[in-house]
Each structure stands twice: as C-alpha cells, then as structure tokens.
Amino acid sequence: MKKRLYRSTRNKMVSGVIGGIAEYFNVDATILRLIFVVALPFTAFFPLLFVYIAAAIIMPIDNGIEE
C-alpha cells in the first residue's frame with residue numbers, strides 16, 4: 001500500500017495539515033504542533049505561516065477511502 005499525504009479529518013485543530021503530517025510520519029501531532037509554534041517566531045512568522053496556508057490549500061482532505 002502506497003502512503004499518501006492528506007489533511008487529517010480525525011486529528012484536526014485548524015485545518016488538519018499538521019495532523020496529516022503526523023499521521024504520515026507516524027508521530028504524535030502534539031509534538032509537531034509544539035515544533036511549529038516554537039519555529040514560527042524564528043521565521044519572522046510569514047514564511048512558515050505562508051507554507052502552512054499553502055499546504056492547507058494544496059493538500060487533499062482524507063476521505064477515509066483506501067486506494
């Protein structure tokens with residue numbers, strides 16, 4: 001079975017991007033969210049926030065159907 005990167009519908013806080021990344025890499029989403037919040041000021045907010053918004057637009061939503 002091929003792994004695909006989706007926005008999570010089960011592990012979702014804002015748009016499911018970080019939850020989807022956590023499911024893809026099989027790590028805890030809370031850890032990734034903490035890393036995101038800590039890294040946000042170091043990127044002067046806009047670059048990392050832009051990447052998050054772009055991922056929310058580009059990544060498909062997990063509909064639960066296996067291919």
Side-chain angles (χ1 to χ4, degrees):
M1 186 169 87
K2 190 163 110 176
K3 269 177 121 173
R4 306 239 8 215
L5 184 60
Y6 291 104
R7 288 187 309 172
S8 179
T9 55
R10 296 176 297 279
N11 195 359
K12 179 178 178 178
M13 292 293 277
V14 177
S15 68
V17 171
I18 295 177
I21 293 170
E23 290 173 5
Y24 183 81
F25 289 110
N26 198 25
V27 296
D28 187 16
T30 305
I31 304 281
L32 290 181
R33 288 184 183 111
L34 285 172
I35 291 170
F36 180 81
V37 168
V38 169
L40 200 59
F42 290 107
T43 63
F45 291 94
F46 294 110
L48 191 57
L49 196 57
F50 177 75
V51 169
Y52 184 87
I53 292 169
I57 293 169
I58 295 170
M59 286 173 62
I61 298 173
D62 178 21
N63 57 8
I65 299 172
E66 298 292 325
E67 292 181 2

- Item | Pairs touching residues 25-45 that satisfy side chain to side chain donor-acceptor pair (under 3.5 Å), sequence neighbours left out | Asn11-Arg33

- Query: In Å and rounded to the nearest 0.5 Å, what is the CE to OG distance from Met59 to Ser8?
  - Reply: 9.0 Å

- State the CD1-NZ distance between Ile61 and Lys12, to the nearest 0.5 angstrom. 6.5 Å

- If you group Ile, Leu, Val, Met, Phe, Trp and Tyr by side-chain heavy-atom gaps below 4.5 Å, do Phe25 and Tyr6 land in one group? no

- Message: Would a single hydrophobic cluster contain both Phe36 and Tyr24, if residues Ile, Leu, Val, Met, Phe, Trp and Tyr are joined by side-chain heavy-atom contacts under 4.5 Å?
- Response: yes

- Message: For the CZ atom of Phe46 and the CG atom of Leu40, what is their distance to the nearest 0.5 Å?
- Response: 10.0 Å

- Query: Going hydrophobic residue to hydrophobic residue with side-chain gaps under 4.5 angstrom, can you get from Ile18 over to Phe45?
  - Reply: yes

- Message: Is there a side chain to side chain contact (heavy atoms under 4.5 Å, CB included) between Val14 and Tyr52? Walk through the geometry before answering.
- Response: CA-CA 11 Å; Val14 177; Tyr52 184 87; 3.6 Å; yes

- Item | Separation between CG of Leu5 and CD1 of Ile58, rounded to the nearest 0.5 Å | 11.0 Å

- With Ala56, which residues qualify under side chain to side chain contact (heavy atoms under 4.5 Å, CB included), at least two apart? Arg7, Ser15, Val17

